[in-house]
Amino acid sequence: MQKRILTLAAAAMLLSAPITDAMAAERENPFLKPYATKYEIPPFEQITTADFIPAIKAGIEEQKTNLLNITRNRAVPDFDNTILPLENLSPILERVASVFYHYDAAMSTDEFAAMAEEAIPLLNEANNQVNLDDALFQRIKQVYDNRDKLGLNAVQKRVVEKYYRQFAEQGAALPADKKAQLIKVNDELSKLFIQYNKNLLGATNSFFVTVYDKADLAGLPQSSIDMAAEEAAKRGLNGLWVFTLHAPSRLPVLQSADNRGLREAIYKGYTSLASFGDYNNYPVIEKIVKLRAEKAKIMGFDNFAQMMTSRVMAKTPEIATDLLMKVFEPAVKRSHEEVADMQALAKAEGSDITIEPWDYYYYAGKVKKQKYNLDESELRPYFSLENVLHGLFTAAERLWGIKMVEMPDAPKYMDQVTVYDVQDAKTGEHISVFMTDYFPRATKRQGAWMEQMQSAGVYADGQYKRPIVYNVGNFTPPAGDAPALLTLDEVETTFHEFGHALQGMLTTAPYKSIAGTNVDRDYVEMCSQINEHWAFTPELLKEYARHYQTGEVIPDDLIAKIENSSKFNQGFVTTELAGAALLDLAWGQTDGEGVDVPGFEAAFSEKIGMPKEITYRYRSPYFKHIFGDDGYASGYYTYLWSQVLEADAWELFEKNGVFDKKTADSYKKNIFEPGDTEDAMVLFKRFRGHEPDANALLRLRGLDK
């Protein structure tokens, strides 16, 4: 643990080291030219906080010049003189933005956060500079209108159509006065997103619960107790125990702590995150919702949800809501049965309580143990992070023909990061760079995610480059003498995010705008969610799940228990997810006038029949998917939409064999490699043989009975 503290301090110093005039004269900003590193991995050890703003400004100037080169070109607009230059409008801006956004989520020191407040409006300005350039849009429109006469192949036509659609969606076709309004709204929203994320990070880091009596730790796994003791020691509270809201600290308390008061304190701390005081996100949300409604009106839509769903497979909020309710209602019904089981068990134990939300995880675990004789604390010793990664990479080699070769000398922004050269298992050909960063720290946002620092595609020099992809998590770190021992949920998350990484790494699409995960939002989660299934297949478990102390392979009886309990608690899991997705769509359909955030949530919960024992997976003040930026706004439903695709696709693997080579090759060819070269439904049907069956999800979760 001490080593990790020193590592974090060193990383913070690296980011915040001041650059004097003399030093600036002696060194070149690393973002201003192509990286000289292997595979052009960013030279993190050379990058300082002071490099970002100058590089962003230089990138904006480069972008202006290249925009003028396109719009002042007197030749008739075509793919080569208009669309291809857009793919590489500013190499400088692309390099600096990819590192900036990664650091903003995973390495946000105080100095970096202060710099980001200046940087994000500049980056927003850079986007507006492109998206609202009328001369540029007219050239794109001319290529679009003549796409059938220009001798383009099918993929090039799709790229043209995508650019035209995206520019129209960003307001390029608006009259000048509307564009001015849109720029103003976008600028205000970007500032609110900064504030929302800053509040959330501050609220998360400021909350903790101190335990003074060891008796209050009853039921907790020793690894969680050790971690809490180390956290207390870091705060100068030797001999005590400190629990935080980071998932590796929070979840074991909710799942295992016998002390109901401790569970309640952690639960209420989490569900009231960023809801009061200096970090209150309520007023921020109110402004965001109102501005989004205004933005939708500017763009010609009745509401924000209508605008956002029009761009993806769902097409309307009504269609998305209909899908969600088909899943939500049977899930709620099942959750009532789950609560009844918990209530009965509590009564049998002599506990005169009514099940509350902070009891759900705890009593669910007891019921699970009673029904399946499964205690998750029995399982964790078999799931050290090292073993889980071995399973992850073994499955990737067997299914997709790739091997992961560690690059110990590659540039890193922290010692905790591991970098891999992803190679073709047969030929050794380079396919991608893959980076991992799995443990929580004060400068990292909660959650887990995949992104890329370099996309596959043709670059300005005409070279086709392979991607640089990374996974970030907040998993249980090593504690005491034990390595990082993951929960089943963390194992699943590791496989989930690697599924995203596979889609980014294995793409063969020729252009950056359609490569990898640059697909419709309600299609992108399919690859991540289907990859979760391999985590607990008996064949793979025998390969990687070994006791960290004895090396013993996980016993057959534990594998059977995992398998038998796989559909357990799906009422809760599906209700909290579908409920959050419905809440998101509801926010997108309000005009924001006079909105009261907690009141809105409460009224909506009553409207849809949200069980009182279950809270939305994310309440609005910490629902960063939809209020931290526009990424999943009015689109959180896509997780369930994609789960329909994933459930249907997985049934084919189950039918043919989960490691069947023919099925895996078809999936790789039709799902991973194409990116957005063809319509998502066409690609899915080519793999599966039919349109997605919504009932497959109910079957998968055992909700069809």
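One-based numbering along the sequence shown. Quick caveat: nothing in here was measured; it's all calculated off a predicted structure.
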Q. T507 side chain to Q503 main-chain N or O, any donor-acceptor pair under 3.5 Å?
A. no
Q: Go through the steps to decide whether D437 and Y413 satisfy the test side-chain hydrogen bond (donor to acceptor under 3.5 Å, both in side chains), and finish with yes or no.
A: CA-CA 10 Å; D437 176 4; Y413 55 90; 2.7 Å; yes
Q. Taking atom CG of N88 and atom NZ of K512, what is their separation to the nearest 0.5 Å?
A. 3.5 Å
Q: Identify whether the distance between the nearest side-chain nitrogen and carboxylate oxygen of D148 and K157 falls below 4.0 Å.
A: yes
Q: Please name the pair of heavy atoms, one in T309 and one in L585, separated by the smallest distance, quoted to 0.1 Å.
A: CG2-CD2, 4.4 Å
(Q) Between K412 and E45, is the salt bridge (Lys or Arg N to Asp or Glu O under 4.0 Å) condition met? List the steps. (A) CA-CA 7 Å; K412 303 174 183 180; E45 71 281 355; over 6 Å; no
Q: Side-chain contact test, heavy atoms from C-beta onward, threshold under 4.5 Å: evaluate it for I671 versus Y523 and give yes or no.
A: yes
Q. Are the aromatic ring centres of F79 and Y511 under 6.0 angstrom apart?
A. yes
Q. Does CD belonging to E429 count more than 12 external heavy atoms closer than 6.0 Å?
A. no
Q | Expected output: side-chain T71 to main-chain L67 donor-acceptor under 3.5 Å | A | yes
Q: Check whether any side-chain heavy atom of Q463 sits under 4.5 Å from a side-chain heavy atom of V458, and report yes or no.
A: no
Q) Looking at CE of M505 and CD1 of I431, how far apart are the two atoms once the value is rounded to the nearest 0.5 Å? A) 8.5 Å
Q: Please test R165 against E161 for salt bridge (Lys or Arg N to Asp or Glu O under 4.0 Å), starting from the C-alpha separation and ending with a verdict.
A: CA-CA 6 Å; R165 186 182 75 247; E161 290 164 357; over 6 Å; no
Q) Considering only heavy atoms from C-beta outward, does the side chain of I140 approach that of L86 to under 4.5 Å? A) yes
Q) What's the shortest heavy-atom distance between A172 and N131, and which atoms? A) CB-O, 3.2 Å
Q.
For L89, is there any backbone N or O sitting under 3.5 Å from a side-chain donor or acceptor partner on N66?
A. yes
Q. Take atom NZ in K315; do more than 12 heavy atoms of anything else shown fall under 6.0 Å from it?
A. yes
Q: Show your working on side-chain hydrogen bond (donor to acceptor under 3.5 Å, both in side chains) between E87 and S513 and close with a plain yes or no.
A: CA-CA 7 Å; E87 290 277 303; S513 57; 2.6 Å; yes
Q) Between I468, V469, V422, which is the residue that forms a side chain to side chain contact (heavy atoms under 4.5 Å, CB included) with V433? A) I468
Q: Identify the two heavy atoms, one from D648 and one from P692, that lie closest to each other, and give their separation to 0.1 Å.
A: OD2-CA, 3.3 Å
Q: Hey, could you give me the CD1/CD1 distance between I92 and I56, rounded to the nearest 0.5 Å?
A: 12.0 Å
Q) Can you name the closest pair of heavy atoms from S634 and F304 and give their distance? A) OG-CD2, 3.5 Å
Q: Evaluate the salt bridge (Lys or Arg N to Asp or Glu O under 4.0 Å) criterion for residues R292 and D630: first the C-alpha distance (whole Å), next the side-chain angles of each, then the deciding distance (0.1 Å), finally the verdict.
A: CA-CA 10 Å; R292 282 177 171 167; D630 274 342; 2.7 Å; yes
**Q.** Closest non-hydrogen atom pair, D104 against R445
**A.** OD2-NH2, 2.9 Å
**Q.** Spacing of N153 atom CG and R158 atom CZ [to the nearest 0.5 Å]
**A.** 13.0 Å
(Q) Are W587 and F623 an aromatic pair, judged by ring center distance below 6.0 Å? (A) no
Q) Between K624 and D629, does a salt bridge (Lys or Arg N to Asp or Glu O under 4.0 Å) hold up when you go through it step by step? A) CA-CA 7 Å; K624 66 183 178 65; D629 56 41; over 6 Å; no
Q | NZ/NE/NH1/NH2 to OD/OE distance under 4.0 Å, R95 and E40 | A | no
Q: Give a yes or no answer on whether the side chain of T436 reaches the backbone of N471 with a donor-acceptor pair at less than 3.5 Å.
A: no
Q | Side chains of N518 and K162 in contact at under 4.5 Å (non-hydrogen atoms) | A | yes
Q) Mind checking whether T418 and M435 have side chains closer than 4.5 Å, heavy atoms only? A) no
Q. When rounded to the nearest 0.5 angstrom, what is the spacing between CG in L640 and CG in L645?
A. 11.0 Å
Q. Is a side-chain donor or acceptor of D133 paired with a backbone partner of V130 at a separation under 3.5 angstrom?
A. no
Q: Work out which heavy atom in L506 is nearest to a heavy atom in R466; give both atom names and the distance.
A: C-NH2, 4.1 Å
Q: Look at the rings of W534 and F653 and say which category their plane angle falls in: under 30° parallel, 30 to 60° tilted, over 60° perpendicular.
A: perpendicular
Q.
Taking the ring of W400 and the ring of Y667, is the distance between their centroids below 6.0 Å?
A. yes
Q: Find out whether T494 and F498 are in side-chain contact, i.e. whether some heavy atom of one side chain is under 4.5 Å from a heavy atom of the other.
A: no
Q: Please examine the side chains of Q306 and T316, heavy atoms only from C-beta on, and report whether any two atoms are closer than 4.5 Å.
A: no
Q. Do the two ring centres, one from F137 and one from Y164, sit under 6.0 Å apart?
A. yes
Q. So, do Y632 and Y639 have ring centers that fall under 6.0 Å from each other?
A. yes
Q. So, do F112 and F52 have ring centers that fall under 6.0 Å from each other?
A. yes
Q. Between F495 and H533, does the ring centroid distance fall short of 6.0 Å?
A. no
(Q) Let me confirm one number: the CZ-CG distance from R139 to N73, rounded to the nearest 0.5 Å. (A) 5.0 Å
Q | Lys/Arg-Asp/Glu bridge criterion (N-O < 4.0 Å) met for K57, E61 | A | no
**Q.** Sub-4.5 Å side-chain heavy-atom contact between V472 and H102
**A.** yes
Q.
Between D584 and G635 (side chain of the first, backbone of the second, donor and acceptor by atom type, cut-off under 3.5 Å), is there such a pair?
A. yes
Q: Return the orientation label for the W641 and Y637 ring planes: parallel under 30°, perpendicular over 60°, tilted otherwise.
A: perpendicular
Q) With no hydrogens and no angle check, is any side-chain donor or acceptor of N531 less than 3.5 Å from a backbone partner on C527? A) no
**Q.** K669, K661, K668 screened by salt bridge (charged side-chain N to carboxylate O under 4.0 Å, His left out) with D665, the one that passes
**A.** K661
Q: Any chance you could lay out the side-chain hydrogen bond (donor to acceptor under 3.5 Å, both in side chains) test for D51 and T48, step after step, and finish with the verdict?
A: CA-CA 6 Å; D51 291 321; T48 69; 3.2 Å; yes
Q: Evaluate the criterion side-chain hydrogen bond (donor to acceptor under 3.5 Å, both in side chains) for residue pair E451 and H500; output intermediate values, then yes/no.
A: CA-CA 8 Å; E451 248 312 334; H500 282 309; over 6 Å; no
Q. Are there more than 12 heavy atoms of other residues, nucleotides or ligands under 6.0 Å from atom NZ of K198?
A. no
Q: Take F393 and Y420, measure what ring-ring contact (aromatic ring centres under 6.0 Å, His included) needs, and give me the verdict at the end.
A: CA-CA 11 Å; F393 298 160; Y420 301 90; 5.1 Å; yes
